[in-house]
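Chain letters run A, B, ... following the sequence lines, proteins first and then strands; every chain starts at 1. Below, all heavy atoms of this structure are taken into account, side chains as well, without hydrogens, waters or symmetry copies.
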Amino acid sequence: MIKAVRGTRDILPPDSALFELVEERAREVFHLYNFQEIRTPIFEDTQLFSRSVGEETDIVGKEMFTWEDKARAQSEKAQSLTLRPENTAGVVRAYIEHKLGDKGQLQKLYYIGPQFRRERPQKGRYRQFYQIGAEVIGPPSAGSESPARDAEVIEMLAALLDRVGIKGSTLQLNSVGCANDRAKYNEALRAALKPVVGQMCVDCQRRAETNPLRVLDCKVPEDQPIIAKLPKISDYLDEPCREHFAEVKKILDAVGVKYEVNERMVRGLDYYTRTTFEFTHGGLGAQSALLGGGRYDGLSEALGGPKAPGIGFALGLDRFVIALQSETQSAQTPSVKAFIAPLGDGMNAAAAKLARELRAQGVALDLGDESFRLKKSFEAAERAGAQFVIIVGENEVKADAFAVKDIKSGEQRTVARAELVQALKANP
RNA sequence: GCGGAUAUAGUUCAGCGGUAGAACACCGGUCUGUGGCACCGGCUGUCGUGGGUUCGAAUCCCACUAUCCGCCCCA
């Protein structure tokens with residue numbers, strides 16, 4: 001038997017309804033904030049990711065699905081392609097390629113789609129996973145650098161969580177400063193770690209070498225007192241970064257979005273600058289990050305584009321759905337208004353004709369088969385969640401009026417063809 | 001990539017050397033144009049895959065694969 005490959009999965013009903021629900025709500029909320037959809041390719045030139053996400057990150061270093069695309073002619077070079085591991089790089093690439101900055105306006109773009117990382121699968125972690133994300137990007141003159149944009153994006157996410165009905169999540173906020181600040185901080189961290197790293201866990205000893213920022217993320221209890229004494233990123237922010245962060249917090253306070261400043265929150269993509277944030281949720285096991293994002297003021301330039309500061313986020317749809325399931329029991333399964341039961345040989349055609357008429361007028365319905373006995377039709381109707389059964393038999397066709405039965409009450413009456421839609425819609 | 005657990009019907013699980021089972025679900029009948037109840041009957045399985053031990057393996061052993069839980073990392 002051929003099975004779905006490692007880390008991929010089929011999302012079947014009724015679970016797929018939850019994905020649909022979250023996607024619908026997200027679109028509604030995005031439109032309230034004037035975001036429009038962008039769809040970028042699922043694979044890109046490998047360099048796009050190595051230059052944005054960062055050559056040294058785990059994502060680029062060992063988690064990408066990359067292959068050599070065959071050259072089609074002698075004169076052509078083979079090209080290294082990669083299944084996108086995230087979508088911000090693709091959006092910024094499109095921004096540069098289509099000169100969206102020349103419009104002078106802020107671009108507010110959202111996307112929904114699959115991403116790919118070759119990680120070990122776990123609860124809430126798949127090799128093909130789905131993200132919903134949005135980006136605000138544009139020339140500085142359009143206000144793309146303003147802390148108001150950071151606050152707006154974060155506030156929008158709080159609104160989305162409310163709208164979908166996720167309650168038990170917390171917002172963690174931090175500022176990682178600009179590239180200069182981070183370089184200085186990294187150095188200070190290395191220096192501070194040198195004398196004490198020997199007393200720390202083996203993981204930290206390794207992190208101190210490869211990526212000192214990650215030490216802050218350590219969960220080993222014994223290491224906590226040491227970590228508490230390490231230098232803080234907030235002490236290494238320059239004045240503009242400090243003011244920017246203060247303003248973000250001020251606006252969030254004003255609109256009533258609760259957050260915790262977490263100076264130990266570290267994000268794994270190299271392009272982040274200044275504001276970073278994460279919404280976490282219990283009930284996700286080790287994968288507690290529901291969604292994460294931040295500012296990326298230098299990304300466009302790193303990709304050879306114009307100066308185009310931006311801020312965005314990505315929401316893990318798979319995890320979002322798990323969080324939703326852990327809070328609410330049932331996804332309401334979509335249902336139809338009526339079920340048409342053709343009764344007796346030769347009735348399929350008349351039933352199909354009626355179904356076409358009703359559906360054209362916006363009545364959702366399911367259609368049985370003339371081979372079904374009534375009992376079977378009723379059961380099928382019940383399973384489809386139908387409110388009414390419409391019987392299409394010889395008598396009905398002759399009279400051009402149909403038996404309409406209310407499944408719950410058992411009441412039945414005969415309704416002329418012309419009045420059928422009205423009769424169905426009159427009963428909510 | 002590392003560590004641990006698990007893998008039997010559509011689902012939840014029992015069986016732990018001797019004929020593959022239960023419950024629920026599903027299908028059919030009683031009941032040929034009025035269901036949901038009841039009763040009767042039935043289907044569903046390479047017992048994750050491959051190898052080994054044994055007269056005999058779902059059961060014991062080995063390898064592989066997948067899933068789940070941690071680590072790592074991230075959404």
>> Rounding to an integer number of Å, can you tell me how far Gln122(A) CD sits from A66(B) C1'?
In response: 15 Å
> What interatomic distance, in whole Å, is found between P of G21(B) and the corresponding atom of A9(B)?
Replying inline: 14 Å
>> With nearest nucleotide decided by heavy atoms, which residue, Gln412(A) or Gly124(A), maps closer to the 5′ end of RNA chain B?
In response: Gln412(A)
> How close or far is atom C1' of U34(B) from atom CZ of Arg373(A), stated in whole angstroms?
Replying inline: 12 Å
> Nearest-Å distance, CG (Leu343(A)) to P (G33(B))?
Replying inline: 7 Å
> Given the C1' atoms of C2(B) and C73(B), what is the spacing between them in whole Å?
Replying inline: 13 Å
> With a non-hydrogen cut-off below 4.0 angstrom, is Arg118(A) in contact with a base, only sugar-phosphate, or nothing?
Replying inline: sugar-phosphate
> With rounding to whole Å, what would you report as the distance between C16(B) and C60(B) at their P atoms?
Replying inline: 10 Å
> Looking for any heavy atom pair under 4.0 Å, which part of the strands does Gly61(A) touch: base, sugar-phosphate only, or nothing?
Replying inline: nothing
> Does the side chain of Asn87(A) pick up a donor-acceptor pair with the side chain of Thr40(A) at under 3.5 Å?
Replying inline: yes
> On a whole-Å scale, what distance lies between the P atoms belonging to G17(B) and C13(B)?
Replying inline: 22 Å
> With no hydrogens and no angle check, do the side chains of Gln128(A) and Thr8(A) hold a donor and an acceptor under 3.5 Å apart?
Replying inline: no
> Looking at C31(B), G3(B), A75(B), which one has an atom nearest to any side-chain atom of Gln131(A)?
Replying inline: A75(B)
> Hey, does Arg319(A) reach any base, or is it just sugar-phosphate, or nothing, if we go heavy atoms under 4.0 Å?
Replying inline: base
> In whole angstrom, what separates Leu269(A)'s CG from C73(B)'s P?
Replying inline: 13 Å
> Contact class for Leu374(A) vs. all strands (heavy atom < 4.0 Å): base, sugar-phosphate, or nothing?
Replying inline: base
> Given that Lys405(A) and Lys376(A) both sit by RNA chain B, which one's nearest nucleotide is further toward the 5' end?
Replying inline: Lys376(A)
> G15(B) and G50(B): how far apart are their P atoms, nearest whole angstrom?
Replying inline: 25 Å
>> Using whole Å, what does the distance between atom P of nucleotide A75(B) and atom OH of Tyr271(A) come to?
In response: 7 Å
> Which is true for Glu394(A) with a 4.0 Å heavy-atom rule: it touches a base, it touches only sugar-phosphate, or it touches nothing?
Replying inline: base
> Checking all strands, does Glu396(A) fall into the base, sugar-phosphate, or nothing category for heavy-atom contacts under 4.0 angstrom?
Replying inline: base
>> Students often get this wrong, so: under 4.0 angstrom with heavy atoms, is Gly292(A) touching a base, only sugar-phosphate, or nothing?
In response: sugar-phosphate
> Angle class for the Tyr236(A)/Tyr185(A) ring planes (parallel below 30°, perpendicular above 60°, tilted otherwise)?
Replying inline: tilted
> Rounding to a whole Å, what distance do you find between Arg125(A):CZ and G70(B):P?
Replying inline: 10 Å
>> What is the separation between atom CD on Glu63(A) and atom P on G1(B), rounded to the nearest whole Å?
In response: 11 Å
> Phe43(A) pairs by ring pair (Phe, Tyr, Trp, His ring centres under 6.0 Å) with which of Phe49(A), Phe116(A), Trp67(A)?
Replying inline: Trp67(A)
>> Applying a 4.0 Å non-hydrogen cut-off, can you work out what Ile132(A) is touching in the nucleic acid: base, sugar-phosphate, or nothing?
In response: nothing
>> Taking the P atom in each of C24(B) and G1(B), what is the distance between them to the nearest angstrom?
In response: 44 Å
> Roughly how far apart, to the nearest Å, are U11(B) and U54(B) at atom P?
Replying inline: 36 Å
>> What does the 5'-to-3' dot-bracket notation of RNA chain B look like when only Watson-Crick and G-U wobble pairs under 3.5 Å count, and pairs to other strands show as |?
In response: (((((((..((((....[..)))).(((((.......))))).....(((((..]....))))))))))))....
> For Phe129(A) and A75(B), is the gap between ring centres under 5.5 Å while the planes differ by less than 30°?
Replying inline: yes
> Checking all strands, does Glu119(A) fall into the base, sugar-phosphate, or nothing category for heavy-atom contacts under 4.0 angstrom?
Replying inline: base
> Is Asp318(A) touching bases, backbone alone, or none of the nucleic acid, heavy atoms closer than 4.0 Å?
Replying inline: nothing
> Per the salt bridge (Lys or Arg N to Asp or Glu O under 4.0 Å) rule, which among Arg9(A), Lys123(A), Arg127(A) passes with Asp318(A)?
Replying inline: Arg9(A)
>> Without decimals, in angstroms, what is the distance between Lys62(A) NZ and C73(B) C1'?
In response: 8 Å
> Do Tyr110(A) and Phe30(A) have ring centroids that are under 6.0 Å from one another?
Replying inline: yes
>> When the C1' atoms of U67(B) and C31(B) are compared, how many Å lie between them, rounded to an integer?
In response: 46 Å
